[in-house]
Protein chains: 2
Amino acid sequence: MPISIEKKCKDKGVKLTEQRKIIAKVMSESNDHPNVDDLYVRVSKIDSKISIATVYRTVKLFQESGILAKHDFKGSKARYEELNEGHHDHLIDVKTGEIIEFVDNEIEDLQKKVAEKYGYELVDHKLELYGIKKKS
Amino acid sequence: MPISIEKKCKDKGVKLTEQRKIIAKVMSESNDHPNVDDLYVRVSKIDSKISIATVYRTVKLFQESGILAKHDFKGSKARYEELNEGHHDHLIDVKTGEIIEFVDNEIEDLQKKVAEKYGYELVDHKLELYGIKKKS
DNA sequence: GTAGATGCAAAGTATTTGCGACAAG
DNA sequence: CTTGTCGCAAATACTTTGCATCTAC
């Protein structure tokens, strides 16, 4: 099975270069939400000649093509994650930085209602919860 | 009546300099959510000798003291607003950049529940809705 | 073959900081 | 007085870009 990001590139007419394949592969295999530096380090292990400029250009391109999502969480650099069908929001552990993905349809519906109440059609949203792990 | 930001500074032991008073005043009178450049322009009209470094230092200090809130809305620079008792979230018009503040207790409660479901105590959150104005 | 991608280094933005002069408490 | 703040310019952090070369299609 081909890497899903590569398939998306073809579908969207994005030229598949060696560098982009590597970046796609690394992103696919990352379960955390790496920032550009993290990504550059991981990518460099596979091909040390890839420049950071290419990494920046590629994440931007992938983001504009709807392949990756960019997140600006509080107090940290921009982080990226692969975008799949299932939309989700994030719960961030303020102590460790760990990120939990979640979906809550009830909240989603309410958001739509709030937007409508003010005469808007909701086109996008951002919901981030910041929490501290409870002792159990 | 003294400006509420000045009172907060005293309460929190933040030294009240002339520059801080001016920045406090400008923020109090701003109903939009200015970024540092906007703020610097407005502040300079009152005292042209204030440096941008002081504006940066002051918004950071005020933010850490819980006097101002910093927002990183999609695709724009950090913007600031005065923090009052009433918490609220933002609905951003993606065409005009206009910002509507809203409160929805139902959503707030659900957020707390979601965090708890994963074993976390909610300490903070960010909710931004991005919408397009409907024709009416 | 040609349009678009890459690497490199230089240029942009946004923000922070070292330091001597200065002002608030 | 003494500690913290200010203005200035230099430094830093992150990201983008011009250009000559190279590569996918």
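Since we're looking at a predicted model, the values are computed, not measured. The sequence lines fix the lettering, A, B, ..., with proteins before strands; numbering per chain opens at 1.
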Peer 1: Separation of Leu16(A) atom CG from dG4(C) atom C1', in whole Å?
Peer 2: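 In whole Å, dG4(C) C1' lies 13 Å from Leu16(A) CG.
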
Peer 1: So does Glu6(B) pair up with Lys10(B), basic N to acidic O under 4.0 Å?
Peer 2: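 Lys10(B) and Glu6(B): not salt-bridged.
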
Peer 1: Please determine whether any donor N or O and acceptor N or O are separated by less than 3.5 Å between the side chain of Arg57(A) and the base of dG4(C).
Peer 2: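 Absent.
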
Peer 1: Rounded off to whole Å, could you give me the CG-to-P distance for the Leu39(B) and dT15(C) pair?
Peer 2: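 Rounded to whole Å, this separation is 12 Å.
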
Peer 1: Considering every strand and a 4.0 Å limit on heavy-atom distances, what is the contact class for Ile52(B): base, sugar-phosphate, or nothing?
Peer 2: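 The residue Ile52(B) makes no contact with any strand.
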
Peer 1: Check whether any side-chain nitrogen or oxygen of Gln19(B) sits under 4.0 Å from OP1 or OP2 of dG7(D), and answer yes or no.
Peer 2: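 Yes.
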
Peer 1: What is the distance, to the nearest angstrom, from the CD1 atom on Ile50(A) to the P atom on dT23(D)?
Peer 2: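 My rounded result for the distance is 13 Å.
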
Peer 1: Flag the pair Lys113(A) and Asp109(A) as a salt bridge only when some basic side-chain nitrogen lies within less than 4.0 angstrom of an acidic carboxylate oxygen.
Peer 2: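 Salt bridge flag = no for Asp109(A) with Lys113(A).
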
Peer 1: When the distance from CG of Asp72(A) to C1' of dT13(C) is rounded to whole Å, what number comes out?
Peer 2: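 Whole-Å distance recorded here is 15 Å.
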
Peer 1: Whether Thr54(A) contacts dG7(C) is assessed here as follows: a side-chain N or O lying under 4.0 Å from the phosphate OP1 or OP2. Is that the case?
Peer 2: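 Answer is yes, contact under 4.0 Å.
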
Peer 1: How long is the line joining NZ of Lys77(A) and C1' of dT12(D), in whole Å?
Peer 2: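 My rounded result for the distance is 12 Å.
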
Peer 1: What integer distance in Å separates Tyr40(A):OH from dC8(C):C1'?
Peer 2: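 Computing the Tyr40(A):OH to dC8(C):C1' distance gives 11 Å.
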
Peer 1: Counting only side-chain nitrogens and oxygens, does Lys49(B) get under 4.0 Å of the OP1 or OP2 atom of dG7(D)?
Peer 2: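 So the side chain of Lys49(B) is outside the cut-off, no N or O lying under 4.0 Å from OP1 or OP2 of dG7(D).
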
Peer 1: Less than 6.0 Å separating the ring centroids of His125(B) and His87(B)?
Peer 2: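 Aromatic pair counts; centres sit under 6.0 Å.
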
Peer 1: Find out whether the Lys NZ or Arg CZ of Lys74(B) is both under 6.0 angstrom from the six-membered ring centre of Tyr130(B) and within 45° of the ring's axis.
Peer 2: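 Judged by the rule (NZ or CZ under 6.0 Å from the ring centre, within 45° of its axis), Lys74(B) counts as positioned above Tyr130(B).
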
Peer 1: Could you state the CZ-P distance from Phe62(B) to dT15(C), rounded to the nearest angstrom?
Peer 2: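 Rounded to the whole Å, the gap is 17 Å.
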
Peer 1: Which comes earlier along DNA chain C counting from the 5' end, the contact point of Ala53(B) or that of Val14(B), where each point is its nearest nucleotide?
Peer 2: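 The 5'-side residue here is Ala53(B).
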
